[in-house]
Amino acid sequence: MYSLRRFASRHSRAYETVYNASSPIILSTLRVINKLVGERLNTPITWLEAKVKGVLFDCKMCGNCVLSSTGMTCPMNCPKTIRNGPCGGVRENGNCEVNADMKCVWVDAWDGAQKMQHSREIELIQFAPNQQHQGSSAWIRLSKESANIKLQDIELEVKP
Amino acid sequence: MNAELEFHPPVDNPGSPLPENDSHVSQGRFEQVLRAGHFAVTSEIAPPDSADADQVYQRAQLFDGACDAINATDGSGANCHMSSVAVCALLSHVGYSPILQISCRDKNRIAIQGDVLGAAAMGVCNVLALTGDDVSAGDHPEAKPVFDLDSISLLSTIRIMRDESRFLSGRKLDKAPKVFAGSTINPFVPPIENRVRQLQKKINAGAEFIQTQYCFDMPALKSMMQQAVDLGLTERAFILAGVGTLASANTARWLRTNVPGVHIPDHIIERLEGAKNQKAEGQKICVELMQECKQIEGISGVHVMAYRQEKYVAEIVKESGVLDGRKPWAPGY
């Protein structure tokens, strides 16, 4: 929902605190579930993730979630799906060049990022999403990876 | 391979690459001019709606002796024209130094990497990475927008291909595309306070030169340039300020309202309106802007955008004196 997702950008600091507190719990719970029942619950987990993040952030389930690095603003709502925005076409009032009634996703993202503890994470280069992950759960994928989702170095190498 | 079958470009072809230089990433003249510390001038060619190569050459000829490099736009404004790869190949063959614009709107990462290799094989030494306008802005609004990459991912891609000699997939290239990579920045639209960070991100991703959107608001440009100098960005990339000629006050108003990202302050429009000959006044403004840009710390050149007024570019550049008497290479010189 448009108003709720803009609320998230405005209150990015609070969302960041909740995210930092909850993500280790969510990810370790998912690891336990995976150990107990394997992949049998993946469909309902993915459904739940889509519902929760859909309401809060207008999540598009790209499966490559970067919310905590983009000011708690989902970049997939940008009509050009830019992952390192904004583009140069932002209107003088800060609205989107394509959809004049919508605030530029990246104007919100940079505003949101300034309020966060890890305010410089937005300066990390986000390579274009892996399209194979479209529609899949970023939670499950992250729980399987080494669970290392800490702030990376600003000078990090780009890994497509 | 049989030695007789090997392809050797003719030695006296002006389009042949310059000798390799370890401190340069490409073998192109544009990079050479910038690295030598000259104030560079670039302009852009509107690819024709035609299958006629002569039209490309006629349009390029207008810039002879005035421009160090010519951008070939890639479906600008999401309108269909001859491809930028083809325009650049044609121009490279006769010795021009074209800048291949690549927009992420129409091609995915497979097509784009293929184009970068193909263009480099045809002698193209400069690439400008753009996200591109949305399809809704152009003459084919019913088309499917691609946007698989964005400009920063594209810059990373070019750098990986050039410096690591591989595709994104990891597959090795036999010969890496030695291209000078660039991108754009618009210092005049929100979030203005963070635009310099966006510029830094592009440079971190691999941009070695930057061409800006139209600069009519000098105080705003100076403010961003000061921040860029403070962050050391002008040491890492060459920044070319975009300047343009406005044919009339009405054109200026139309551009401001209809072209995304174009910022023209009221005082410029008032000045055009008050002039007897608005076209001449527009050119005078352009000359003054170029001279002013040259004085700004960190600016390495200007990019002259003169859509449908290309024939005045050479005159404007000469009038401004920004080349300091230097004559950029052109066929026949």
Side-chain angles (χ1 to χ4, degrees), chain A residues 9 62 64 66 69-71 73 75-76 78-100 102-115 119-132 134 153-160, chain B residues 77-78 103-105 108-109 112 130-137 145-157 159-160 164 166-170 183-195 197-198 200-202 204-206 211-214 242 256-257 259-263:
Chain A
S9 311
C62 70
N64 300 258
V66 287
S69 304
T70 54
T73 309
M76 303 319 272
C78 163
K80 302 180 188 173
T81 64
I82 299 179
R83 304 281 278 196
N84 302 278
C87 71
V90 184
R91 292 167 197 261
E92 305 240 341
N93 63 1
N95 280 11
C96 171
E97 72 164 42
V98 181
N99 183 351
M102 182 179 84
K103 192 69 158 182
C104 166
V105 169
W106 280 96
V107 169
D108 274 349
W110 279 91
D111 282 348
Q114 307 310 308
K115 297 178 188 134
S119 58
R120 298 197 63 186
E121 226 175 297
I122 196 167
E123 291 170 36
L124 295 174
I125 294 165
Q126 302 291 347
F127 197 81
N130 181 340
Q131 298 292 337
Q132 287 176 308
Q134 176 67 41
D153 193 342
I154 289 285
E155 300 294 329
L156 98 171
E157 275 296 300
V158 187
K159 40 171 190 182
Chain B
S103 148
C104 297
R105 176 192 57 240
N108 68 8
R109 58 193 95 183
I112 288 177
L130 303 163
T131 300
D133 297 301
D134 189 68
V135 290
S136 58
V146 179
F147 297 114
D148 181 26
L149 304 178
D150 59 24
S151 57
I152 288 184
S153 299
L154 174 52
L155 284 167
S156 308
T157 305
R159 197 173 63 170
I160 286 170
E164 298 177 24
R166 64 171 176 94
F167 288 116
L168 291 174
S169 66
S183 191
T184 56
I185 192 81
N186 186 351
F188 311 107
V189 290
I192 291 174
E193 61 287 358
N194 288 315
R195 283 287 169 181
R197 296 280 166 198
Q198 173 82 348
Q200 185 177 38
K201 220 171 150 176
K202 289 196 167 184
N204 285 345
Q211 292 174 322
T212 77
Q213 177 59 277
Y214 279 120
R256 185 161 79 165
T257 324
V259 180
V262 175
H263 166 71

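This one's a predicted model, so the numbers in the text were calculated from it and none came from an experiment. Just so we're on the same page: letters track the sequence lines, and every chain starts at 1.
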S.K.: To the nearest 0.5 Å, how far apart are CG in B:N108 and CD in A:Q131?
M.R.: 9.5 Å

S.K.: Can you find a pair of side-chain heavy atoms, one from B:R197 and one from A:I122, that are under 4.5 Å apart?
M.R.: no

S.K.: In Å and rounded to the nearest 0.5 Å, what is the CZ to NE2 distance from A:R91 to B:H263?
M.R.: 16.0 Å

S.K.: Decide yes or no on side-chain contact (heavy atoms from CB on, under 4.5 Å) for A:E123 and B:N204, but give the supporting numbers first.
M.R.: CA-CA 10 Å; A:E123 291 170 36; B:N204 285 345; over 6 Å; no

S.K.: Flag the one option from B:D133, B:I185, B:V146, B:T184 with the top tally of heavy-atom pairs under 4.5 Å to chain A.
M.R.: B:D133

S.K.: Please list, chain by chain and in numerical order, all residues satisfying salt bridge (Lys or Arg N to Asp or Glu O under 4.0 Å) with A:K80, sequence neighbours excluded.
M.R.: A:E97

S.K.: Check whether B:R195 gets within reach of chain A through its side chain, its backbone, both or neither, counting any heavy atom under 4.5 Å.
M.R.: side chain

S.K.: Heavy-atom pairs under 4.5 Å with chain B: which of A:V107, A:I82, A:T81, A:N95 has the most?
M.R.: A:I82

S.K.: List the steps and the verdict of side-chain contact (heavy atoms from CB on, under 4.5 Å) for A:W110 and B:Q198.
M.R.: CA-CA 10 Å; A:W110 279 91; B:Q198 173 82 348; 4.2 Å; yes

S.K.: Find the distance between CZ (A:R83) and OG1 (B:T131) and round it off to the nearest 0.5 Å.
M.R.: 13.5 Å

S.K.: Mind checking the SG-CG spacing from A:C87 to B:N186? Nearest 0.5 Å is all I need.
M.R.: 9.0 Å

S.K.: Distance from A:C78 atom SG to B:D150 atom CG, nearest 0.5 Å?
M.R.: 9.0 Å

S.K.: Flag the pair B:E193 / A:D111 as yes when at least one side-chain heavy-atom distance between them is below 4.5 Å, and no otherwise.
M.R.: yes

S.K.: Nearest 0.5 Å please: distance from the CD1 atom of A:I125 over to the CD1 atom of B:I152.
M.R.: 6.5 Å

S.K.: Looking only at heavy atoms, which two atoms of B:F147 and A:P79 are closest? And how far apart?
M.R.: CD1-O, 4.4 Å

S.K.: Under 4.5 Å from any heavy atom of chain B, what part of A:Q126 do you find: side chain, backbone, both or neither?
M.R.: backbone

S.K.: By ring-ring contact (aromatic ring centres under 6.0 Å, His included), which residues pair with B:Y214, not counting sequence neighbours?
M.R.: B:F216

S.K.: Would you mind telling me which of B:S153, B:G261, B:G132 has the largest number of heavy-atom pairs within less than 4.5 Å of chain A?
M.R.: B:S153

